[in-house]
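A quick note: this is a predicted structure, and the numbers were derived from the prediction, not measured. Only heavy atoms go into these numbers, but all of them, side chains included; no hydrogens, no water, no symmetry mates.
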Amino acid sequence: MSKKLQGNGLWESSKMMLHEHKAALLERQLPDHEHGIRAHLPTQEDLRLVRSCVLLPMMIGIVESNGRGMESSSYPLKTLYINATQILLNRLYDELAQVKRTLKERHIHIREEEHLDGAIHYRLVCRGYEDRLTLLRDIARAEIGARIGQHIHAIFQEQNGKKTPQDGTRP
């Protein structure tokens with residue numbers, strides 16, 4: 001590392017590095033006799049679960065809000081939208097429960113700390129390893145939209161597998 005990057009506080013902070021890169025750098029810097037500490041660092045799967053644990057409550061809030069708005073509307077397809085919203089909410093609640101169970105089994109805890117400058121900061125404790133995670137609102141919004149789209153696509157795929165026969169008879 002060049003002298004310009006040492007001691008200036010920028011390189012050492014997590015704001016210039018992705019969390020995965022920071023974890024990889026820290027792991028490489030550990031001496032071999034500290035191998036036990038490496039086992040405490042979060043894996044890519046752990047980080048995926050943490051991200052889901054953070055985003056799922058936001059997704060649920062958005063879907064619930066849209067559902068409440070639909071209930072007060074006079075759209076002709078209101079019942080369809082409300083039922084679809086409920087199916088989506090059930091999937092999201094099930095996924096959140098599974099993610100929380102898995103995080104608990106892996107001894108991973110996450111706590112929201114503060115909202116600053118369009119970012120949400122979290123405290124992550126993973127088997128004794130502690131770190132601070134930052135989620136930018138714009139990135140969260142984009143990922144939430146993509147994840148909701150994936151869930152809707154999966155719901156339609158499941159429903160297409162349960163089609164009624166083409167001859168008009170009901171099963």
Neighbour count above 12 (heavy atom, 6.0 Å) for Tyr81 OH: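 Count not over threshold, so no.
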Answer yes or no: is there a side-chain heavy-atom contact under 4.5 Å between Met58 and Leu55?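 Touching, per the 4.5 Å side-chain cut-off.
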With a 4.5 Å heavy-atom cut-off, do Pro42 and Ile108 have their side chains touching?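 No. Closest side-chain heavy atoms not under 4.5 Å.
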Consider only side-chain heavy atoms of I, L, V, M, F, W and Y, link residues closer than 4.5 Å, and tell whether [X] and [Y] are in one cluster.
| X | Y | value |
| --- | --- | --- |
| Val125 | Tyr122 | no |
| Leu56 | Ile120 | yes |
| Leu103 | Leu47 | yes |
| Ile62 | Ile152 | yes |

If you look at every heavy atom in [X] and [Y], which pair is closest and at what distance?
| X | Y | answer |
| --- | --- | --- |
| Ile60 | Leu92 | CG1-CB, 3.7 Å |
| Ser52 | Glu95 | OG-OE2, 4.5 Å |
| Cys126 | Leu41 | SG-C, 4.4 Å |
| Pro57 | Val54 | CD-O, 3.5 Å |
| Leu88 | Ile148 | CD2-CG2, 4.1 Å |

Applying salt bridge (charged side-chain N to carboxylate O under 4.0 Å, His left out), which residue pairs with at least one partner in residues 99-108 are found, sequence neighbours left out?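 Counting only pairs at least two positions apart or across chains, the salt bridge (charged side-chain N to carboxylate O under 4.0 Å, His left out) contacts touching residues 99-108 are Asp46-Arg106.
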Enumerate the salt bridge (charged side-chain N to carboxylate O under 4.0 Å, His left out) contacts for residues 47-58, please, sequence neighbours excluded, ordered by first and then second residue.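 Only Glu45-Arg48, Arg51-Glu143 qualify under salt bridge (charged side-chain N to carboxylate O under 4.0 Å, His left out).
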Linking directly or through intermediates, with side-chain heavy atoms under 4.5 Å: list the remaining ILVMFWY members grouped with Leu136, chain and number order.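 Noted: Leu136 shares its cluster with Ile139.
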When you look at Arg91 and Asp94, which way does the salt bridge (Lys or Arg N to Asp or Glu O under 4.0 Å) test go after all the steps? CA-CA 5 Å; Arg91 289 177 63 96; Asp94 290 346; over 6 Å; no
[X] [atom1] to [Y] [atom2] distance, which is reported to the nearest 0.5 Å:
| X | Y | atom1 | atom2 | value |
| --- | --- | --- | --- | --- |
| His109 | Leu124 | NE2 | CG | 10.0 Å |
| Ile87 | Glu158 | CD1 | CD | 9.0 Å |
| Thr134 | Leu116 | OG1 | CG | 9.0 Å |
| Ile144 | Arg137 | CD1 | CZ | 11.0 Å |
| Thr85 | Asn90 | OG1 | CG | 11.0 Å |
| His115 | Glu113 | NE2 | CD | 11.0 Å |

When the side chains of residues 64-73 are checked against the rest of the protein, which donor-acceptor pairs come out under 3.5 Å, sequence neighbours left out?
{"unit_1": "Glu64", "atom_1": "OE2", "unit_2": "Tyr93", "atom_2": "OH", "d": "2.4"}
{"unit_1": "Ser72", "atom_1": "OG", "unit_2": "Gly69", "atom_2": "O", "d": "3.1"}
{"unit_1": "Ser73", "atom_1": "OG", "unit_2": "Met70", "atom_2": "O", "d": "2.7"}

Could I get the full list of side chain to side chain contact (heavy atoms under 4.5 Å, CB included) partners for His153, not counting sequence neighbours?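 Counting only residues at least two positions away or on another chain, His153 forms a side chain to side chain contact (heavy atoms under 4.5 Å, CB included) with Gln157.
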Partners passing side chain to side chain contact (heavy atoms under 4.5 Å, CB included) against Gln150 (at least two apart in sequence or in another chain):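 Partners of Gln150 under the side chain to side chain contact (heavy atoms under 4.5 Å, CB included) test: Arg147.
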